[in-house]
S.K.: 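Here it is, the structure in full.
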Amino acid sequence: MADPQTILSDKKVTSQELVEQSLENIKAWEPSIHAFLEVFEEDARTQAKQADSSKKKKGKLHGIPIAIKDLIVTKEGHTTAASKILENFQSPYDATVIARLKKEGAIIIGKANCDEFAMGSSNEYSAYGPTRNPWDTSRVPGGSSGGTAAAVASGESLAALGTDTGGSVRLPASLTNVVGLKPTYGRISRFGVIQYAGSFDQVGICTRTVKDNALLLEVLAGQDEYDATSSREPVRDYIGVCGKNIQDLTIGIPKEFFGKDVDAEVAETVLAAVKELEKLGAKLQEISLPLMYAAIPTYYLLVKAEVSSNLARYDGLVYGKLSVDAKNLREHYLESRAKYFGSEVKRAILMGSYTLSAGYVDAWYKQASRVRTLIRREFESAFKKVDIIAGPVSPEVAFPLGSKADDPLKMYLADLLTVSQAVAGLPAISIPAGFASSLPVGMQLTAPHFREDLLFQVGHAYEQSQNWWQKQPSLPQ
Amino acid sequence: MSAQVTPEEVKKVAHLGRLGLSEEELSRAAQQISSILDHFSQIQKIDTKGVPTSDDVTGLKNVTREDEAKPDDLCTAQELLERAPETQNGQIKVKAIFE
């Protein structure tokens with residue numbers, strides 16, 4: 001099999017060839033994986049033709065087809081957040097990240113499936129049907145950005161944007177053998193990104209290789225006047241560090257990340273990857289992050305509280321026409337939200353509101369927020385001793401569809417290893433690190449705030465030594 | 001703090017959140033939420049005396065701009081109104097509030 005196509009490539013290939021390849025793969029894979037909610041076939045072909053006939057390259061992503069999680073607004077098509085409540089919503093403007101992609105010449109090939117309003121870890125909570133893992137279609141691709149990762153893993157798209165609030169890009173990336181980055185909170189603009197939890201959300205990037213990921217971060221990162229939480233921190237040379245050796249770096253291995261909650265084969269695979277980093281010259285150091293066990297309750301209490309407020313705007317009125325039978329306005333609200341929101345979304349609103357209510361807010365919401373401060377401090381201390389932290393992304397390999405969907409708590413625990421980075425606002429990346437029982441396993445690297453360059457430096461060095469990125473799933477018979 | 005959430009309490013927040021749920025849905029939600037909060041109650045054992053809440057996650061201060069109208073470079077008000085089912089005089093028309 002030839003190496004999978006990447007954005008940065010020595011191969012001479014036209015935009016039309018890339019778009020045709022994407023559309024061909026979409027046609028072949030979609031019946032089995034359902035990674036897309038909408039494909040902009042004709043639009044993409046037209047843009048590809050224009051890209052090839054223009055004398056000058058528009059930018060760093062000239063003619064490159066990219067898929068977008070349906071949580072990010074695009075002028076093209078619809079933006080549904082994989083919910084029925086936004087089934088007919090067409091955004092009149094592009095999110096900042098979309099505008100930045102287009103400025104560099106990228107072609108938006110379609111909208112990727114996800115869990116409804118980004119709430120989920122398996123893509124099974126989409127109101128439009130689940131996405132399946134290209135490596136084994138009886139299993140989940142992970143979530144909430146399942147469509148994003150599956151589209152890249154199957155070759156349907158060269159790259160895709162997702163969102164990561166507590167692992168929603170890193171988890172699916174690790175279960176599908178692609179690279180998935182969650183940047184530092186504030187690194188990429190959230191303008192036009194439908195909110196789950198405003199103090200956690202970040203746009204995430206899925207690609208086949210680390211260098212492609214670095215390229216996309218260079219395009220997307222940087223302060224945006226439309227997002228008051230976006231940082232003025234200068235954008236570093238992310239591509240430039242790919243190729244630097246890692247001999248001066250110390251890598252922290254938290255013992256809690258390899259504890260009893262992690263499947264033995266997964267732990268073994270990731271430890272082997274970490275040993276490889278040592279062979280490449282980095283120093284390993286065991287560290288301890290005892291608050292890791294408080295991360296799931298801390299995270300979920302805070303995000304469900306935030307989202308219960310963020311979803312108040314969906315009144316069944318302003319975001320597209322919906323069929324509702326009501327005598328007055330209050331009934332209209334009660335009816336639309338009960339009818340068009342999925343069960344996890346309703347559960348989130350109920351639990352979130354409850355933990356914010358008088359008499360309960362201090363013991364639940366505020367306590368979680370105080371523990372959040374402690375978790376942030378714990379990471380700060382760790383980074384005084386080590387440069388980056390390494391560990392697994394997921395406690396297990398891709399699980400079968402339906403095995404957790406009826407048990408909300410079980411589903412939350414899939415995020416065990418990815419929520420603490422979001423709690424602390426830290427950047428983290430999932431890098432393909434091998435296979436366990438023939439299913440992909442990712443290694444997670446976490447860096448201090450705004451040090452995505454360290455993630456790329458170490459990630460690239462590891463990637464080039466093992467080349468897991470070259471492996472591709474086979475089309476199911 | 002007890003993790004037991006009663007169907008009555010769920011009914012109250014369901015109403016605040018404008019979710020018109022059936023009795024069965026309310027009672028199932030109460031069970032599920034109680035079970036989830038029971039698992040989460042472990043964080044109440046963590047000593048957070050003197051620890052501030054994480055209200056500020058960016059370190060940014062007073063991000064403001066001049067209070068002046070910007071050109072419609074993103075989209076017009078009209079385009080936004082078009083997403084509502086019924087409008088009148090540049091406003092969204094809704095059903096009666098009072099019976």
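Note on naming: letters A, B, ... go to the chains in the order of the sequence lines (proteins, then strands), and numbering restarts at 1 for each one.
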S.K.: Given that the side chain runs from C-beta out, which part of A368(A) has a heavy atom under 4.5 Å from chain B: side chain, backbone, both or neither?
M.R.: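 The answer is both parts of A368(A).
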S.K.: To the nearest 0.5 Å, how far apart are CG in L334(A) and CZ in R18(B)?
M.R.: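 Those atoms lie 6.0 Å apart.
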S.K.: Give the member of L21(B), I43(B), V63(B), I33(B) that has the highest number of heavy-atom pairs under 4.5 Å with chain A.
M.R.: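 Maximum pair count with chain A is reached by I43(B).
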S.K.: Got a donor-acceptor contact below 3.5 angstrom from the R337(A) side chain to the G20(B) backbone?
M.R.: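 Side chain of R337(A) to backbone of G20(B): no pair is present.
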S.K.: Can you tell me how far the CG atom of D362(A) sits from the CD atom of Q44(B), to the nearest 0.5 Å?
M.R.: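 Result: 9.5 Å between the selected atoms.
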S.K.: Of the backbone (N, CA, C, O) and the side chain (C-beta and beyond), which part of L37(B) lies under 4.5 Å from a heavy atom of chain A, both, or neither?
M.R.: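 For L37(B), heavy atoms of backbone and side chain both lie under 4.5 Å from chain A.
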S.K.: side-chain contact (heavy atoms from CB on, under 4.5 Å) for E225(A) and K70(B)? Distances and angles first, verdict last.
M.R.: CA-CA 12 Å; E225(A) 61 170 327; K70(B) 291 190 149 235; 2.9 Å; yes
S.K.: Is chain B contacted by the side chain of S336(A), its backbone, both, or neither, given a heavy-atom distance below 4.5 Å?
M.R.: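 For S336(A), no heavy atom lies under 4.5 Å from chain B.
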S.K.: Side chain of Q367(A), backbone of I46(B): donor and acceptor closer than 3.5 Å?
M.R.: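 Yes, the answer is positive, given that a donor and an acceptor are paired below the 3.5 Å cut-off.
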S.K.: Within this structure, what is the CD1-CD1 distance for the pair I296(A) and I36(B), rounded to the nearest 0.5 Å?
M.R.: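 The CD1 atom of I36(B) is 11.5 Å from CD1 of I296(A), to the nearest 0.5 Å.
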S.K.: Is Y319(A) in contact with chain B via its backbone, its side chain, both, or neither, using a 4.5 Å heavy-atom distance?
M.R.: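 When you check distances to chain B, only backbone atoms of Y319(A) fall under 4.5 Å.
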S.K.: Between K366(A), K339(A), R376(A), E331(A), who has the most heavy-atom pairs with chain B when the cutoff is under 4.5 Å?
M.R.: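 It is R376(A).
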S.K.: From S353(A) OG over to K12(B) NZ, what is the distance, rounded to the nearest 0.5 angstrom?
M.R.: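 It is 11.0 Å, given to the nearest 0.5 Å.
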S.K.: Between A99(A), G320(A), A294(A), S231(A), which has the largest tally of heavy atom pairs under 4.5 Å with chain B?
M.R.: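 The option with the most such pairs is G320(A).
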S.K.: Where does L356(A) contact chain B at under 4.5 Å (heavy atoms): side chain, backbone, both or neither?
M.R.: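 For L356(A), no heavy atom lies under 4.5 Å from chain B.
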S.K.: Flag the one option from G59(B), S54(B), G17(B) with the top tally of heavy-atom pairs under 4.5 Å to chain A.
M.R.: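 Greatest number of close heavy-atom pairs with chain A: S54(B).
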S.K.: Can you see which heavy atom on Y93(A) is nearest to which on C75(B), and at what distance?
M.R.: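 Minimum heavy-atom contact is CD2-SG, 4.0 Å.
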S.K.: Which residues from residues 299-317 of chain A are near chain B, with near meaning under 4.5 Å between non-hydrogen atoms?
M.R.: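 Within residues 299-317 of chain A, the residues that come under 4.5 Å of chain B (heavy atoms only) are Y300(A), L301(A), L317(A).
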S.K.: Quick check on N62(B) against chain A: is it the side chain, the backbone, both or neither that has a heavy atom closer than 4.5 Å?
M.R.: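 Neither part, no heavy atoms under 4.5 Å.
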S.K.: At a heavy-atom separation under 4.5 Å, does L413(A) approach chain B through its side chain, its backbone, both, or neither?
M.R.: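 Just the side chain, heavy atoms under 4.5 Å.
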S.K.: Surrounding CG of D325(A) (heavy atoms of other residues, nucleotides or ligands, distance under 6.0 Å), is the total greater than 12?
M.R.: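 No, not enclosed.
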S.K.: For L16(B), is it the side chain, the backbone, both or neither that has a heavy atom under 4.5 Å from a heavy atom of chain A?
M.R.: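 Looking at L16(B), nothing touches chain A.
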S.K.: When rounded to the nearest 0.5 angstrom, what is the spacing between CZ in R232(A) and CG in L60(B)?
M.R.: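 One gets 7.5 Å once the value is rounded to the nearest 0.5 Å.
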S.K.: Using the rule given for side-chain contact (heavy atoms from CB on, under 4.5 Å), can you reason through S199(A) versus V57(B), listing the C-alpha separation, both sets of side-chain angles and the distance that settles it, and then say yes or no?
M.R.: CA-CA 7 Å; S199(A) 77; V57(B) 295; 4.0 Å; yes
S.K.: For the side chain of T373(A) and the backbone of P52(B), is there at least one donor-acceptor N/O pair under 3.5 Å apart?
M.R.: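 Checked: pair present.
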S.K.: Is it the side chain or the backbone of I349(A) that comes within 4.5 Å of chain B heavy atoms, both, or neither?
M.R.: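 The side chain, not the backbone.
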S.K.: Which of the residues L19(B), T76(B), T58(B) is involved in the greatest number of heavy-atom pairs with chain A at under 4.5 angstrom?
M.R.: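 Answer, by heavy-atom pair count under 4.5 Å with chain A: L19(B).
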S.K.: With a 4.5 Å cut-off on heavy-atom pairs, point out which of K346(A), E335(A), H332(A) contacts chain B the most.
M.R.: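 Top option by heavy-atom pairs under 4.5 Å: K346(A).
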S.K.: Would you find a donor on one side and an acceptor on the other, under 3.5 Å apart, between the side chain of T53(B) and the backbone of S369(A)?
M.R.: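 The answer is no, because no donor-acceptor pair under 3.5 Å joins these two groups.
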S.K.: Can you tell which part of S230(A) gets under 4.5 Å to a heavy atom of chain B, answering side chain, backbone, both or neither?
M.R.: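 Looking at S230(A), just its backbone touches chain B.
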S.K.: Looking only at heavy atoms and a cut-off of under 4.5 Å, which of E25(B), Q32(B), E86(B), Q42(B) has the most pairs with chain A?
M.R.: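 Result: the option with the highest number of such pairs is Q32(B).
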S.K.: Applying a heavy-atom distance below 4.5 Å, give me the residues of residues 404-412 of chain A that approach chain B, sorted by number.
M.R.: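 Within residues 404-412 of chain A, the residues under 4.5 Å from chain B are P408(A), L409(A), Y412(A).
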S.K.: Check each atom of F200(A) against the heavy atoms of chain B and say whether the ones under 4.5 Å are side chain, backbone, both or neither.
M.R.: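 Nothing of F200(A), per the 4.5 Å heavy-atom cut-off to chain B.
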S.K.: Is it the case that Q90(A) and R83(B) place a side-chain donor and acceptor less than 3.5 Å from each other?
M.R.: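 On atom types as modelled, these side chains do not qualify, holding no pair under 3.5 Å.
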S.K.: Here's a test for you: under side-chain contact (heavy atoms from CB on, under 4.5 Å), which of Q78(B), E82(B), E79(B) qualifies with P92(A)?
M.R.: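 Among Q78(B), E82(B), E79(B), the one that satisfies the side-chain contact (heavy atoms from CB on, under 4.5 Å) with P92(A) is E79(B).
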S.K.: Non-hydrogen atoms of chain A under 4.5 Å away: do they reach the side chain of A29(B), the backbone, both or neither?
M.R.: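 For A29(B), the side chain is the part near chain A, not the backbone.
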S.K.: Begin from the C-alpha positions of H15(B) and R330(A) and carry the test side-chain contact (heavy atoms from CB on, under 4.5 Å) through to its verdict.
M.R.: CA-CA 10 Å; H15(B) 186 73; R330(A) 178 182 293 174; 4.2 Å; yes
S.K.: Need one label for Y226(A): side chain, backbone, both or neither, based on atoms under 4.5 Å from any heavy atom in chain B.
M.R.: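 The answer is the side chain of Y226(A).
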